[in-house]
Amino acid sequence: MNVLVMGCGRMGAQLASLLDAEGHKVTVLDIDAHGFRRLPPGFGGIALVGDGTSEDALKKAGIEEADAFVAVTQGDNRNIMAAQIAKHIFNVSRVLCRIYDPLRRDIYEALGLEAISPTTVFAQIFKDKLLSM
Amino acid sequence: MYIIIVGGGTVGYYLCEALLNEGHEVLVLDKDAAKCERFGDDMGSVCMRGDGCEAATLAQAGAARADVLIATTDEDEDNLVACQVAKYEFGVARTLARVNNPKNEMIFKKLGVDRTINVTNLILDHIEGDLPTHPMVHLLTMMEDGTEIVEVRVREKSTAVGKAVKDLSLPPDAVLVLLIRNGYKPQTVIGDTVLEVNDRIIALTPTAAEDVLRKELTGLD
Amino acid sequence: MKPKRILVAVNGSKADAGVVELACDLSKRSKADIYAVYVVEVKRSLPLDAVIDSEMKKAEDVLTQAEEVAGERGCELEADIIQARDVGPAIVEEAVEREADLIIIGLTQKRRFGTFSLGNVILHVLKEAPCRVLLSRESLLVEVITA
């Protein structure tokens with residue numbers, strides 16, 4: 001699979017290296033090259049500096065050839081905007097994004113965006129762990 | 001009308017003032033307490049502290065009864081989300097977004113924002129309007145369907161000089177409407193109209209075909 | 001202190017009676033007029049002029065109570081209900097409109113999030129009122145007895 005990951009924070013870097021290790025073609029996009037230090041030394045994918053909410057930067061990062069797009073920057077709204085551009089402008093077949101705010105996640109899920117809220121997921125995991133002790 | 005403005009920066013501030021003067025009910029949303037305080041000091045209870053992209057804030061702001069939401073922050077993604085949440089979650093009839101990157105105008109429209117305002121393009125339009133020698137001037141943009149009314153000056157370099165309109169290779173949806181020629185009354189353009197240097201043509205064109213039309217009539221790339 | 005026009009802000013709290021009594025006592029020497037105002041805070045989800053029956057009823061009860069307290073002290077007051085988005089600015093505006101030279105406002109001991117807090121309303125009035133402001137804090141004993 002050809003995957004474009006937007007945001008090279010802990011989550012983005014981890015995801016990119018997992019995909020890379022499994023032999024997928026990965027491109028990571030971040031507005032700050034500093035984030036790329038998180039990629040493992042043997043990372044075989046491409047790391048590019050660019051703004052994932054900009055159509056031009058996405059094109060440069062090869063979004064037109066991507067099978068999947070993942071938006072995991074720190075900003076909910078950046079992720080939402082980039083994911084919608086990937087889905088509706090570039091017709092990427094698989095688009096996934098992170099939205100911390102659970103309410104906002106629900107709204108965009110209803111609008112057809114596939115989104116995960118770490119807030120909801122982790123609260124649930126912690127609760128389950130606590131109660132199973 | 002009840003108008004919600006997201007973003008209490010300079011744009012939001014003067015917009016709020018103007019809309020209040022026109023007699024509208026206005027509420028500004030801003031995350032920054034200091035900005036809200038400034039509104040309170042100058043205009044009364046017109047600013048609420050909160051994130052205008054958050055559904056909870058918008059519910060508290062009474063978005064469900066708002067007629068218009070205007071997103072004026074300097075972050076395009078925030079303006080997009082504020083408009084989308086207002087429109088799809090609260091059914092706000094008209095949403096307007098300030099767009100900082102001109103390329104986002106089309107994207108925003110495709111994603112459901114009713115109207116976009118881009119300062120860069122506005123300034124460009126004015127520069128063109130102020131320069132009569134400019135080969136193509138935007139007169140009016142009909143945002144809804146992406147059609148523009150433009151004025152084009154036929155230049156010497158153009159291959160259209162001396163040709164009848166019906167023989168030009170114009171974009172399929174572009175229509176030449178009016179011919180303005182020095183010393184003559186303006187006349188409607190017909191297929192047999194032969195173009196001369198310095199003719200001014202008022203034309204209707206889809207935004208996407210604008211470049212082809214300009215090239216054809218002015219000879220400029 | 002010889003006030004001529006006293007604005008008393010009531011809100012249905014335990015501080016109301018004390019504030020009205022104070023206004024009556026202060027008014028006697030200078031024969032001041034007393035206005036008691038109750039501000040109905042209208043949520044943004046409703047238009048400012050929305051009629052909220054439950055709030056109106058509460059406002060009327062609170063003002064009737066204030067009139068009774070004043071009556072017991074042998075003085076009269078003019079009562080008024082205002083609808084506004086924020087209580088603080090509404091009190092200040094009313095004081096300006098009525099040309100009040102004294103605002104009396106009450107504070108019940110407030111412990112919000114575990115710390116003492118004056119609240120936005122009082123802070124706004126203290127900061128913005130054009131005239132003198134008296135802040136009357138309830139005796140702690142009252143709190144203890146009623147609690």
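Letters A, B, ... are given to chains in the order of the sequence lines, protein chains preceding strands, and every chain is numbered from 1. Note that these values count all heavy atoms, side chains included, but never hydrogens, waters or copies made by symmetry.
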Checklist entry - What residue, out of A/L111, A/I80, A/I85, has the most heavy-atom pairs lying under 4.5 Å from chain B? => result A/L111
Next on the checklist: So for B/A56, is it side chain, backbone, both, or neither that comes closer than 4.5 Å to the heavy atoms of chain A?
Outcome noted: both
Next on the checklist: Please report the interatomic distance OG1(B/T57) to CG(A/L103), rounded to the nearest 0.5 Å.
Outcome noted: 9.5 Å
Item to check | Heavy-atom proximity to chain A below 4.5 Å, by part of B/N79 | outcome: neither
Next on the checklist: Any heavy-atom pair between the side chains of B/D76 and A/T53 that's under 4.5 Å?
Outcome noted: no
Next on the checklist: A quick test of your reading: do over 12 heavy atoms of other residues, nucleotides or ligands sit less than 6.0 Å from CD of B/E17?
Outcome noted: yes
Next on the checklist: Using a 4.5 angstrom heavy-atom cutoff, name the option from B/E77, B/K110, B/M106, B/E89 with the most pairs to chain A.
Outcome noted: B/E77
Item to check | CG-CD distance between B/L80 and A/Q84, expressed to the nearest 0.5 angstrom | outcome: 5.5 Å
Checklist entry - Should we say atom CD of B/E156 is surrounded by more than 12 heavy atoms from elsewhere, each under 6.0 Å from it? => result no
Item to check | Under 4.5 Å from any heavy atom of chain B - which part of A/D56 | outcome: side chain
Checklist entry - Heavy-atom distance under 4.5 Å between the side chains of B/F108 and A/M81, does that happen here? => result yes
Checklist entry - Do B/L111 and A/H88 have side chains that get closer than 4.5 Å, going by heavy atoms? => result yes
Next on the checklist: Need one label for A/R104: side chain, backbone, both or neither, based on atoms under 4.5 Å from any heavy atom in chain B.
Outcome noted: side chain
Checklist entry - For B/E54, is it the side chain, the backbone, both or neither that has a heavy atom under 4.5 Å from a heavy atom of chain A? => result both
Checklist entry - Which atoms of B/N104 come close to chain A, meaning under 4.5 Å heavy atom to heavy atom: side chain ones, backbone ones, both, or neither? => result side chain
